[in-house]
Enquirer: 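My structure is below; once you've seen it, I'll send some questions.
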2 protein chains.
Amino acid sequence: MTTTQSESHVLSKSCQYALRAVVYVARHASSSHLIGAQEMAESLEIPKHFLSKILQQLTRNQLVSSTKGPHGGFYLNDVNELTTIDRIVEVMDGPGLFKACVLGLPECSSTHPCPLHFEVVEYRDGFYHKLKRLTVKELAQFVHKGQIHL
Amino acid sequence: MTTTQSESHVLSKSCQYALRAVVYVARHASSSHLIGAQEMAESLEIPKHFLSKILQQLTRNQLVSSTKGPHGGFYLNDVNELTTIDRIVEVMDGPGLFKACVLGLPECSSTHPCPLHFEVVEYRDGFYHKLKRLTVKELAQFVHKGQIHL
DNA sequence: CAAATAAAGGATATATGGGTCTTTTATTCG
DNA sequence: CGAATAAAAGACCCATATATCCTTTATTTG
Ligand code: FES
Ligand code: FES
């Protein structure tokens, strides 16, 4: 009778957290005032230790910057600010999210298409190219104007 | 150094299998010649028992038809053939896949948008409406023309 | 009816993403 | 320098999706 749905999603939870965290840092941190994982976790309602892991991963890949010790924390340097969103998604969820076949076939191309390929490829690509053009800085600025939530 | 990517996806594996299976049935089965889970699993290279579970779920929701016993198997009746793809996705992955916020926020609407909302909502909706208009029958017909793979 | 067949159903195992905890390293400050 | 602080790192646990196995039910055929 009832169904056991898998509850799929476009971006993994790690990736969603990563994006929200990066935007938060972009908005609240400066070179003089760093943001700690603690504060971020509370404000964004993300499990603290899990968020730490994610931030680690982002810093390792140089998408955010950090310093240890008292008054340490995370911030974005000039390069970090210009990171495009697709880079963050790539680091968190791997490449291939935007390349892979919707039906999970091993290959995806117009010369080797699945039945859905030509139906949906424009949306996948559109989404991808949008994220490719969008920087963290720009995204953070959206939060200022209008009632944008994190 | 290295990253532990989550390898996300738009549709769950169950859902991908379901779609491929339904199209396969649409192409190969008729009221006189039913298709067994065995044959399907081999042709589509899907774990047999897992596929069975998925087909069960689809029949329970009346998206495919089946009969037991010798020469039993699966087929699509006239109603099943007109099932739209979004229904299959809904049954397998739950509703909300096309309604949920990309960043995982509890609400998604133009009055309560996240920073990405207005950037990506058109692609999500476009994808959704495409699947909403597309029937199993139509999808199966694409396989005939051109080199379409399952 | 009995035997064979194939789906339905349920119980269980495995892999992975999500989440927690503890220890180590680097930095600041008294 | 030593204490305090916060990120980095690694070990570990839990929930869920994925996958497998076994039993039951329905149907066909001899
Ligand atoms: S081949 Fe399936 S989406 Fe391109
Ligand atoms: S609110 Fe995030 S996508 Fe709509």
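Chain letters run A, B, ... following the sequence lines, proteins first and then strands; every chain starts at 1. Note that the structure is predicted; figures quoted are calculated from it, not measured.
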Enquirer: Run the side chain to side chain donor-acceptor pair (under 3.5 Å) test against B:Y24 and tell me which residues pass, sequence neighbours left out.
Expert: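 Expected list: B:E39, B:S43.
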
Enquirer: Atom CE of A:M40 to atom P of D:dA6: distance rounded to whole Å?
Expert: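 In whole Å, D:dA6 P and A:M40 CE are 12 Å from each other.
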
Enquirer: Among pairs that include at least one residue of residues 80-101 of chain B, which meet ring pair (Phe, Tyr, Trp, His ring centres under 6.0 Å), considering only residues two or more places apart or in two chains?
Expert: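 Non-adjacent pairs meeting ring pair (Phe, Tyr, Trp, His ring centres under 6.0 Å): B:F98-B:F127, B:F98-B:Y128.
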
Enquirer: Rounded to the Å, how far apart are A:N61 CG and D:dA7 P?
Expert: 18 Å

Enquirer: Just the rounded figure in Å: distance from P of D:dA26 to CZ of B:F74.
Expert: 16 Å

Enquirer: Write down the protein N/O and nucleotide N/O pairs, taken from nucleotides 23-27 of chain C, whose separation is under 3.5 Å; answer none if there are no such pairs.
Expert:
residue : atom : partner : partner atom : Å
C:dT25  : O2   : A:K68   : NZ           : 3.4
C:dA26  : O4'  : A:K68   : NZ           : 3.3

Enquirer: Roughly how many Å is it from CG in A:L55 to C1' in D:dG10, rounded to a whole number?
Expert: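 Between C1' of D:dG10 and CG of A:L55: 17 Å.
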
Enquirer: Using a 4.0 Å heavy-atom cut-off to protein, can you give one letter per nucleotide of nucleotides 14-23 of chain D, 5' to 3': B if the base is in contact, S if only the sugar-phosphate is, - if neither?
Expert: ---SSBBB--

Enquirer: Using a cut-off of 4.0 Å on non-hydrogen atoms, how would the nucleic acid contact of B:S52 be classed: base, sugar-phosphate, or nothing?
Expert: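 If one applies the 4.0 Å heavy-atom cut-off, B:S52 turns out to touch nothing in the nucleic acid.
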
Enquirer: Whole angstrom is fine here: how far is it from CZ in A:R60 over to P in D:dA9?
Expert: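 Answer to the nearest Å: 6 Å.
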
Enquirer: Ignoring hydrogens, what is the shortest heavy-atom contact between A:A37 and A:L51? Give both atom names and the distance.
Expert: O-CD2, 3.9 Å

Enquirer: Please report, rounded to the nearest Å, how far the C1' atom of D:dG10 is from the CD atom of A:Q57.
Expert: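 The distance from CD of A:Q57 to C1' of D:dG10 comes to 14 Å, rounded to the nearest Å.
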
Enquirer: Among residues at least two apart in sequence or on other chains, which ones pass ring pair (Phe, Tyr, Trp, His ring centres under 6.0 Å) with A:H9?
Expert: none

Enquirer: Please check this pair: side chain of A:R20 against backbone of A:L150, looking for a donor-acceptor N/O pair closer than 3.5 Å.
Expert: yes

Enquirer: List the atom pairs, with distances to 0.1 Å, where a side-chain N or O of residues 64-71 of chain B and a protein N or O form a donor-acceptor pair under 3.5 Å, not counting sequence neighbours.
Expert:
residue : atom : partner : partner atom : Å
B:S65   : OG   : B:N77   : ND2          : 3.2
B:S65   : OG   : B:N80   : OD1          : 2.5

Enquirer: Tell me every residue that passes side chain to side chain donor-acceptor pair (under 3.5 Å) with B:S32, counting only those two or more places apart in sequence or in another chain.
Expert: B:S30

Enquirer: Which residues satisfy the side chain to side chain donor-acceptor pair (under 3.5 Å) test with A:T59, sequence neighbours excluded?
Expert: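 With sequence neighbours excluded, A:T59 shows a side chain to side chain donor-acceptor pair (under 3.5 Å) to no residue whatsoever.
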
Enquirer: Using Watson-Crick and G-U wobble pairs whose two distances are both under 3.5 Å, how do you write the pairing of DNA chain D as dot-bracket, with | for links to another strand?
Expert: ||||||||||||||||||||||||||||||

Enquirer: Filter on salt bridge (Lys or Arg N to Asp or Glu O under 4.0 Å), then keep only pairs touching residues 94-122 of chain B, sequence neighbours left out; what's left?
Expert: A:K130-B:E119

Enquirer: Does any pair with a residue in residues 32-58 of chain B pass ring pair (Phe, Tyr, Trp, His ring centres under 6.0 Å), and if so which ones, sequence neighbours excluded?
Expert: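 Passing the test, one end in residues 32-58 of chain B: B:Y17-B:F50.
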
Enquirer: Think A:S66 has a side-chain N or O under 4.0 angstrom from the OP1 or OP2 of D:dA8?
Expert: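 Yes, because at least one side-chain N or O of A:S66 sits under 4.0 Å from OP1 or OP2 of D:dA8.
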
Enquirer: Could you pull out all residues at least two apart from B:Q56 that satisfy side chain to side chain donor-acceptor pair (under 3.5 Å)?
Expert: none

Enquirer: Round to a whole Å and report the spacing from CD of A:Q62 to C1' of D:dA8.
Expert: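 For the pair A:Q62 CD and D:dA8 C1', the rounded distance is 15 Å.
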
Enquirer: Tell whether A:Q56 reaches the base of D:dA9 with its side chain through a donor-acceptor pair below 3.5 angstrom.
Expert: yes

Enquirer: Can you tell me the distance, in whole Å, between the OH atom of B:Y75 and the C1' atom of D:dT27?
Expert: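 Computing the B:Y75:OH to D:dT27:C1' distance gives 13 Å.
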
